[in-house]
Amino acid sequence: MDTLMLSSSEKDLIKASELLKNGQVVGIPTETVYGLGADATNPKAVREIFRAKGRPMDNPLIVHISKVDDALKIAKNIPQIFFDLAEKFWSGALTMIVPKKDIIPYETSGGLDTVGIRMPSHPIAKRLIELSGVPISAPSANTSGYPSPTTAQHVLHDMNGKISAIVDGGECSVGVESTVICFDDSNTVRILRPGYITPQDLQTVAKNVILDKGILSEVNADEKVSSPGMKYKHYSPTADVKILEGNLNSFIEYVSKHNQDGVYSLIFESDVKNFPFKYLSYGDSDLEHAQQIFSKLRELDTLNAKVVYVRKPNLDGVGLAVYNRLIRASAFEIIKL
Ligand code: TXA
Ligand code: MG
């Protein structure tokens, strides 16, 4: 199958929405990362997403809606705190897990009785959901295990020939995926995956905010997890990623001892001046790190990097999400200097 590259013109969005209505898979821009969209109520269409990504069938998909009321069509027993959080953070990078209705097939929910719901803020994503008239399930549009895509070209790289079309909406503004939460009780939010909406943000609405232990530590393949995504290899380029924890001087000293062909460093923009080895930088602030991390990991593969030493980001704000992705990209290989 040839993968069609579509623009964000209304004519092309109508075309993309027709493909979605017909059970096809379309790459779609969102404010976080690109998604692989399909009709969330159509099991056959959803199976095509898993096939294109090479994703394990027990890893559930997020369902995207364009208005809050649509949550009532796909979920039941929704607690009040869901609506309070929606009021404050939707449309945006927050995914909330609640009990699903039968209209959401088990293909979409990875066999679970729950569904993760998000209302994206990207105008193209919103328009596509509206035009298609169905909820859209969309995981990140990368091959399973590889860094998430933040441009249409990244999606084409991974999905060429595997999906019907890609809508090019330019670069994603956030760069890391949404924050995924569930509710332990009516006042307690549990973060299953940190994202653009931070624990501090959530605390302005929820009385208790808990970080699940799977966020910063490795879970065993046979361990019971709150979110299946925690079990799987994630975000890894072909290059071997290692996080170095320490200051710039100790970083330079370590790299000088281990410098050989194919070694690159992923450093902060403020480190760049006089940095003596091959490098890419991923900005200075937590927001810049988020925006650049996945595209830099992909770029390192195009440079044929073999080993990548990464400066550990600050964990404040969105930095927690960046670090959560990096520790998985590195298969939990963190070297304390
Ligand atoms: O920003 C985003 O969230 C992007 C864009 C495209 O919206 N989507 C995304 O989807 O990152 P995906 O499939 O790559 O990651 C969804 C994560 C997975 O780790 C999955 O296990 C978890 O959310 N998840 C989804 N539904 C769940 C559920 N019902 N229960 C527990 N975890 C769930
Ligand atoms: Mg993903």
Side-chain angles (χ1 to χ4, degrees), residues 25-38 40 46 49-50 52-66 74-75 89-101 104-122 124-126 128-129 135-150 154-155 158-159 166-167 169 172-183 190-197 212 214-215 219 224-236 290 294 318 321 324-325 328-329:
V25 178
V26 178
I28 59 175
T30 84
E31 70 279 19
T32 57
V33 300
Y34 274 73
L36 274 189
V46 168
I49 293 181
F50 284 90
K53 268 186 78 87
R55 179 177 176 111
M57 292 293 293
D58 71 347
N59 195 1
L61 307 179
I62 293 171
V63 176
H64 299 70
I65 57 176
S66 60
I74 60 177
F89 299 112
W90 278 3
S91 48
L94 181 67
T95 298
M96 296 187 265
I97 296 172
V98 282
K100 78 172 189 70
K101 279 190 173 165
I104 298 298
Y106 283 110
E107 280 80 358
T108 299
S109 71
L112 300 174
D113 290 316
T114 54
V115 59
I117 309 177
R118 165 162 123 81
M119 184 161 116
S121 67
H122 197 297
I124 297 174
K126 269 189 161 159
L128 273 172
I129 301 165
I136 299 292
S137 52
S140 52
N142 50 286
T143 300
S144 204
Y146 204 60
S148 301
T150 54
H154 294 162
V155 182
D158 288 17
M159 294 297 150
I166 299 167
V167 176
C172 301
S173 58
V174 171
V176 292
E177 300 86 344
S178 63
T179 306
V180 178
I181 62 170
C182 64
F183 305 108
R190 174 181 296 273
I191 302 181
L192 303 178
R193 179 180 71 181
Y196 181 65
I197 304 296
D212 195 90
I215 286 180
V219 295
K224 189 177 171 338
V225 290
S226 317
S227 178
M230 288 172 177
K231 294 188 299 199
Y232 295 111
K233 180 171 175 272
H234 262 324
Y235 319 114
S236 305
F294 288 135
V318 194
N324 168 271
R325 307 313 188 262
R328 282 164 176 78

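The analysis underlying the following values was restricted to heavy atoms, covering all of them including side chains, and did not include hydrogens, waters or symmetry mates. Order of listing sets the numbers, starting from 1, for every ligand and every atom in it. Predicted model, so just to flag it, every value in this text is computed and none were measured.
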If you count heavy atoms of other groups shown closer than 6.0 angstrom to OH of Tyr235, is the number above 12? yes
Distance-only N or O hit between ligand 1 and [X], under 3.5 Å:
{"X": "Arg55", "value": "yes"}
{"X": "Tyr34", "value": "no"}
{"X": "Thr30", "value": "no"}

I need the protein N, O or S atoms closer than 2.8 Å to the Mg ion (ligand 2), given as residue plus atom name. Ser140 OG
Any heavy-atom pair between the side chains of Pro139 and Asn59 that's under 4.5 Å? no
Check whether any side-chain heavy atom of Leu192 sits under 4.5 Å from a side-chain heavy atom of Ile97, and report yes or no. yes
For the pair [X] (side chain) and [Y] (backbone), establish whether a donor and an acceptor sit closer than 3.5 Å, ignoring hydrogens and angles.
{"X": "Ser236", "Y": "His234", "result": "yes"}
{"X": "Thr150", "Y": "Gly175", "result": "no"}
{"X": "Ser137", "Y": "Leu61", "result": "no"}

side-chain contact (heavy atoms from CB on, under 4.5 Å) for Lys100 and Thr114? Distances and angles first, verdict last. CA-CA 5 Å; Lys100 78 172 189 70; Thr114 54; 5.7 Å; no
Give the numbers and elements of all ligand 1 atoms closer than 4.0 Å to a heavy atom of [X].
{"X": "Asn59", "result": "18 (C), 20 (C), 21 (O)"}
{"X": "Gly229", "result": "19 (O), 21 (O)"}
{"X": "Thr114", "result": "28 (C), 29 (N), 30 (N)"}
{"X": "Ile62", "result": "3 (O), 8 (N), 9 (C), 10 (O), 16 (C)"}
{"X": "Ala138", "result": "6 (C), 8 (N), 10 (O)"}

Lys/Arg-Asp/Glu bridge criterion (N-O < 4.0 Å) met for Arg118, Glu31: yes
Shortest protein contact, [atom] (heavy atom only):
{"atom": "atom 9 (C) of ligand 1", "result": "Ser140 N, 3.6 Å"}
{"atom": "atom 23 (O) of ligand 1", "result": "Val180 CG2, 3.8 Å"}
{"atom": "atom 6 (C) of ligand 1", "result": "Gly35 CA, 3.6 Å"}
{"atom": "atom 3 (O) of ligand 1", "result": "Ser178 OG, 2.5 Å"}
{"atom": "atom 30 (N) of ligand 1", "result": "Ile97 CD1, 3.3 Å"}
{"atom": "atom 22 (C) of ligand 1", "result": "Ser227 OG, 3.3 Å"}

Verify the distance criterion only: is there a donor paired with an acceptor across the side chains of [X] and [Y] at less than 3.5 Å?
{"X": "Asn142", "Y": "Tyr34", "value": "no"}
{"X": "Arg55", "Y": "Thr143", "value": "no"}
{"X": "Thr95", "Y": "Ser178", "value": "yes"}
{"X": "Ser140", "Y": "Glu177", "value": "no"}

Can you tell which of Met230, Lys53, Glu177, Arg193 gets a heavy atom nearest to atom 15 (O) of ligand 1? Arg193
For atom 24 (N) of ligand 1, which candidate among Pro29, Pro228, Pro60, Gly116 provides the closest heavy atom? Pro60
Ser226 and ligand 1 - part of the residue with a heavy-atom distance under 4.0 Å: backbone
Ring-face cation of Lys53 near Tyr146 (centre distance under 6.0 Å, axis angle within 45°): no
May I ask whether His64 places a heavy atom under 4.0 Å from ligand 1? yes
Which residue in the set Val26, Ile62, Ile28, Val63 passes side-chain contact (heavy atoms from CB on, under 4.5 Å) when paired with Ile136? Ile28
Working note: Val176 + Val33, criterion side-chain contact (heavy atoms from CB on, under 4.5 Å); need CA distance, chi angles, decisive distance, verdict. CA-CA 6 Å; Val176 292; Val33 300; 5.7 Å; no
